[in-house]
Amino acid sequence: QQLYVYEQPPDRRPESTPWPEWPLILRTYPAHEEGGARDFGVMVTGFSGAGGRVQRVHAVRVDGRRSSAGTSGLLPLPGTEATIDADLVLLAIGFDGPEPGLLDAFGLHRDGRGNVRVNEDLSTSVDGVFAAGDAVRGASLIVWAIADGRAAARTCDRHLMGATLLP
């Protein structure tokens with residue numbers, strides 16, 4: 001399940017983004033066509049589990065409109081808290097960069113730009129935690145994220161299984 005903190009964008013180009021501006025529209029990718037579910041307006045508030053393994057994602061629905069004070073932000077909607085069972089959580093933050101509070105909570109070391117510091121095999125300063133893509137190299141191209149993700153998958157497989165057959 002894919003969670004988006006922002007509300008669902010429109011299906012068609014809004015008048016506020018005429019060509020040649022980049023339109024914020026709903027885009028569907030092969031993962032969605034293959035049955036991948038997505039939910040909009042949901043903010044993750046935490047993770048829980050046992051034995052160092054994630055088992056649940058805690059979330060709340062949010063309203064992204066302006067507050068009564070005139071400031072913009074994501075306002076949690078009372079009574080919409082939810083818990084989602086999970087075996088694996090992947091953070092796709094895009095161009096926002098890694099959240100310092102999250103990195104500090106895990107005890108991960110950062111580089112001079114605030115990105116996750118990794119070893120050659122994409123392992124971090126915490127045993128069993130790996131990082132790749134924008135969280136490591138900063139905002140970059142999707143092809144790098146794909147290549148990094150594949151490399152991280154090999155490293156995770158080797159870490160969990162003792163060896164890997166992944167290319």
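One is the number of the first residue; the rest follow in order along the sequence.
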remark   = For Ala131 and Val116, the nearest pair of non-hydrogen atoms, with its separation, is CB-CG1, 3.7 Å
ask   = So if you build clusters from Ile, Leu, Val, Met, Phe, Trp, Tyr with side-chain heavy-atom gaps below 4.5 Å, do Val57 and Leu77 land together?
value = no
query = Got a sec: does the CG of Asn119 have more than 12 other heavy atoms crowding it under 6.0 Å?
reply = yes
request  = Work out which heavy atom in Pro76 is nearest to a heavy atom in Met43; give both atom names and the distance.
outcome  = CG-CE, 4.1 Å
note = Ala132 and Gly149 have their tightest heavy-atom pair at CB-N, 4.3 Å
task = Without swapping roles, check the side chain of Glu81 against the backbone of Gly79 for a donor-acceptor pair under 3.5 Å.
result = yes
request  = Decide if atom CD of Glu120 counts as having more than 12 heavy atoms of other residues, nucleotides or ligands within a radius under 6.0 Å.
outcome  = no
query = Is there side-chain contact between Phe40 and Val62, with heavy atoms separated by less than 4.5 Å?
reply = no
query = Is any side-chain heavy atom of Asp148 closer than 4.5 Å to a side-chain heavy atom of Arg137?
reply = yes
inquiry  = For a quick test of reading the model, state the closest non-hydrogen atom pair linking Ala50 to Gln55 and the distance between them.
reply    = N-OE1, 3.2 Å
ask   = Is a side-chain donor-acceptor pair under 3.5 Å present for Ser48 with His58?
value = yes
ask   = Would one find more than 12 heavy atoms of other residues, nucleotides or ligands at under 6.0 Å from atom CZ of Arg53?
value = no
query = For the hydrophobic clusters of this structure (ILVMFWY residues joined by side-chain heavy atoms under 4.5 Å, transitively), does one cluster hold both Val136 and Phe106?
reply = yes
ask   = Can you hop from Val54 to Leu103 via hydrophobic side chains spaced under 4.5 Å?
value = yes
message = Within the structure provided, determine whether Val5 and Leu3 are in side-chain contact (heavy-atom separation under 4.5 Å).
response = no
inquiry  = Looking at Asp39 and Arg61, is any side-chain nitrogen of the basic one under 4.0 Å from a carboxylate oxygen of the acidic one?
reply    = yes
ask   = Do any N or O atoms from the side chain of Thr17 and from the backbone of Pro23 form a donor-acceptor pair under 3.5 angstrom?
value = no
query = So do Leu26 and Gln8 actually touch side chain to side chain, heavy atoms under 4.5 Å?
reply = yes
query = Can you tell me if Thr80 uses its side chain to pair, donor with acceptor, with the backbone of Val60 under 3.5 Å?
reply = no
query = Is a side-chain donor-acceptor pair under 3.5 Å present for Thr155 with Arg150?
reply = no
request  = Inspect the surroundings of CG in Asp104 and state if more than 12 heavy atoms from other residues, nucleotides or ligands are less than 6.0 Å away.
outcome  = yes
query = Any idea which heavy atoms bring Pro98 and Gly114 closest together, and the distance?
reply = CG-O, 3.6 Å
key: In one Ile/Leu/Val/Met/Phe/Trp/Tyr side-chain cluster, 4.5 Å: Tyr6, Leu24   = no
message = What I want to check is whether the side chains of Thr83 and Arg56 have a donor and an acceptor closer together than 3.5 Å.
response = no
From CG (Leu102) to CG (Leu108), nearest 0.5 Å = 7.5 Å
request  = Find out whether Pro14 and Ile25 are in side-chain contact, i.e. whether some heavy atom of one side chain is under 4.5 Å from a heavy atom of the other.
outcome  = yes
ask   = Does a sphere of radius 6.0 Å around CG in Leu165 hold more than 12 heavy atoms from other residues, nucleotides or ligands, not counting ones at 6.0 Å or beyond?
value = no
query = Please walk me through it: do Asp121 and Arg154 pass salt bridge (charged side-chain N to carboxylate O under 4.0 Å, His left out)?
reply = CA-CA 9 Å; Asp121 66 352; Arg154 279 192 305 277; over 6 Å; no
inquiry  = Hydrophobic clustering (ILVMFWY, side-chain heavy atoms < 4.5 Å, transitive) - are Val89 and Phe130 grouped together?
reply    = no
inquiry  = Do Ser123 and His159 make a side-chain contact, defined as non-hydrogen atoms from C-beta onward lying under 4.5 Å apart?
reply    = no
request  = Could you walk me through whether Arg110 and Ser125 pass side chain to side chain donor-acceptor pair (under 3.5 Å), step by step?
outcome  = CA-CA 9 Å; Arg110 291 183 263 162; Ser125 55; over 6 Å; no
query = Taking all non-hydrogen atoms of both residues, which atom of Ala152 and which atom of Leu122 are closest, and how far apart?
reply = N-CD1, 3.5 Å
message = Is any side-chain heavy atom of Tyr4 closer than 4.5 Å to one of Val42?
response = no
